[in-house]
Protein chains: 2
Amino acid sequence: MSRSSYHHGDLRRALLKAAAEAITESGVNSLSMRDLARRAGVSHAAPTHHFVDKAGLLTALATDGFEQLSKALATSRLASNSLLELGVTYLRFALANRAQFEVMFRTDLYHAEDPDLLAARRQAADALYAGMTDLPDAPLAGPDAQSPARPAKEGTAELVPDEVREVGLAAWSMAHGFATLWLSGAFPDSAHEDPVEAARIILGRVRQLAA
Amino acid sequence: MSRSSYHHGDLRRALLKAAAEAITESGVNSLSMRDLARRAGVSHAAPTHHFVDKAGLLTALATDGFEQLSKALATSRLASNSLLELGVTYLRFALANRAQFEVMFRTDLYHAEDPDLLAARRQAADALYAGMTDLPDAPLAGPDAQSPARPAKEGTAELVPDEVREVGLAAWSMAHGFATLWLSGAFPDSAHEDPVEAARIILGRVRQLAA
DNA sequence: GATGATAACTAGTCGCTGACAAGATCCCGG
DNA sequence: CCGGGATCTTGTCAGCGACTAGTTATCATC
């Protein structure tokens, strides 16, 4: 526990925290393991013993991100169960966890087949689907709701009906696209406006999108 | 023109082509200027004289991407003017120009204030907005269409009414989110299915999204 | 409360990278 | 034909990720 001793005590956690800060400050591409080691006050090779790779560290960071996202989605669903608010929750998550968000969908950056990561990602997706089924604006109560679903894909047993999955992915796409575009600065005036306010306006325009 | 001479002849173009290939093969984070120089058969410092920086090269690549996107959107609008098809066009662009797409929205990777890049990006956005106004499924003919638009932001003259811009950004968000998520491999079964087919299904679910 | 296995960390090295400096070669207008 | 600018080369630097080997602390077990 003591920082003056030979052993750091909680280096793994310290490195992850430092990584999140460094990425938030100056992007993931300029992240350096040696700099993290410096920030934590350990030698340049110490991080290797906690995460095998640089990719290993980013895997842990992405996993943490998916776990946080699951929590945020579940909490949001309980608090104000509106589809628009679920999108806003997604954006809030991206803003509050920029570093994780920047890594989570960059599969070339981490070990994409890591079991912990896969589990966390699946859990986040499930949390999203759960938000689809029991909302008052009932996106699944439309005319297509009782139409027979296409035959489920053979082989893998489906936990969620295709329909719910598809609507969930549509919502996910929109929220994710907005968050990504905003953070990239590609949106006009993305510097001036409040992102959450903008999201309410833009995402609300989904009505005109459905012809 | 001759490759055996001291001067390469068209090194700039060759480097951009090699960069696109390298990024498509193994991602932008493992791109190396020296490797590009090797591929083009020149010394390791030659690329510097055409693009000041590594960021300079990526700026050129992103600019090219936005230009290609403008063309694709304009062509699509003429061929089959449907909103869904505009989204599909966006996905097709991302699939066919993976390298450019991977860079275009990573503003930390290039010189985001470059005038050529800004012009190309604005042109792409305009091409998208143009697709919003004259489609048969008329996303702007809804009940909100003739409601008085909010007062235009003072200062900058608006080329496009706020409403069109907002609906455009909503469509952009959805298409961009789908393309991004698909390419990231985060979608379930993204390996098995045909992306364009999947996009038609998922993006079509926008109807259930609008409560 | 000594011991020994093991976890946590350090120190040194390698090839690679991007950036920079200085010089060589080529091309083209006068 | 010649001089200046564009194009390209060679050499160098510090920083990086990965690897190896050695050092120090921890802790269960006797």
Side-chain angles (χ1 to χ4, degrees), chain A residues 1-19 21-23 25-62 99 103 106-112 114, chain B residues 1-19 21-23 25-62 99 103 106-112 114:
Chain A
M1 207 78 89
S2 74
R3 301 189 125 275
S4 59
S5 70
Y6 188 87
H7 282 35
H8 180 286
D10 202 3
L11 183 55
R12 185 187 160 94
R13 187 176 303 270
L15 287 172
L16 282 175
K17 191 178 167 210
E21 288 172 3
I23 294 175
E25 282 171 17
S26 42
V28 65
N29 54 311
S30 69
L31 180 72
S32 141
M33 293 293 260
R34 290 170 110 104
D35 180 55
L36 296 185
R38 260 175 252 125
R39 292 188 189 219
V42 294
S43 81
H44 67 263
T48 295
H49 296 275
H50 292 273
F51 317 94
V52 181
D53 262 333
K54 186 180 189 180
L57 183 140
L58 294 178
T59 305
L61 199 61
V103 175
R106 299 279 318 279
T107 51
D108 57 321
L109 245 40
Y110 55 79
H111 298 133
D114 180 272
Chain B
M1 204 80 89
S2 74
R3 302 189 124 271
S4 59
S5 71
Y6 188 86
H7 282 34
H8 179 284
D10 201 4
L11 184 55
R12 186 187 158 96
R13 187 175 304 272
L15 288 171
L16 282 175
K17 192 180 165 211
E21 289 173 1
I23 293 175
E25 282 171 18
S26 42
V28 66
N29 55 310
S30 69
L31 180 72
S32 141
M33 293 293 257
R34 289 172 110 103
D35 180 55
L36 295 186
R38 261 175 251 127
R39 292 189 189 219
V42 294
S43 80
H44 67 262
T48 294
H49 296 274
H50 293 272
F51 316 93
V52 181
D53 261 334
K54 185 179 189 180
L57 183 141
L58 294 178
T59 305
L61 199 63
V103 175
R106 299 281 316 280
T107 51
D108 57 321
L109 244 41
Y110 55 80
H111 300 132
D114 180 271

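Within every chain, numbering begins at 1; the chains are lettered A, B, ... in the order of the sequence lines, protein sequences first and strands thereafter.
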side-chain hydrogen bond (donor to acceptor under 3.5 Å, both in side chains) involving Asn29(A) - partner list, sequence neighbours excluded: none
Test side-chain hydrogen bond (donor to acceptor under 3.5 Å, both in side chains) applied to Glu21(A) - qualifying residues, sequence neighbours left out: none
Would you say that [X] contacts [Y] through its side chain, given a criterion of any heavy-atom pair below 4.5 Å between the two side chains?
{"X": "Asp108(B)", "Y": "Ile23(A)", "answer": "no"}
{"X": "Val28(A)", "Y": "Arg106(B)", "answer": "yes"}
{"X": "Asp53(A)", "Y": "Leu58(A)", "answer": "no"}

Residue whose closest nucleotide on DNA chain D lies nearer the 5' end, Val52(A) versus His49(A): Val52(A)
Side chain of Ala45(A) - closest among dA21(C), dT10(C), dC8(D): dT10(C)
Strictly under 3.5 Å: I want the nitrogen or oxygen pairs between protein and nucleotides 14-18 of chain C, one per line.
residue	atom	partner	partner atom	Å
dT17(C)	OP1	Ser32(B)	OG	3.2
dT17(C)	OP2	Arg38(B)	NH2	2.6
dG18(C)	OP1	Met33(B)	N	3.0
dG18(C)	OP1	Lys54(B)	NZ	3.3
dG18(C)	OP2	Met33(B)	N	3.0
dG18(C)	OP2	Arg34(B)	N	3.2
dG18(C)	N7	Arg34(B)	NH1	2.4
dG18(C)	O6	Arg34(B)	NH1	2.9

His50(A) side chain near dC9(C) phosphate (N/O to OP1/OP2, under 4.0 Å): yes
Can you tell me the distance, in whole Å, between the [atom1] atom of [X] and the [atom2] atom of [N]?
{"X": "Leu57(A)", "N": "dC16(D)", "atom1": "CG", "atom2": "P", "answer": "15 Å"}
{"X": "Phe51(A)", "N": "dA8(C)", "atom1": "CZ", "atom2": "P", "answer": "12 Å"}
{"X": "Arg13(B)", "N": "dT7(D)", "atom1": "CZ", "atom2": "P", "answer": "14 Å"}

Short side-chain to backbone donor-acceptor contact, Thr59(A) and His111(A), under 3.5 Å: yes
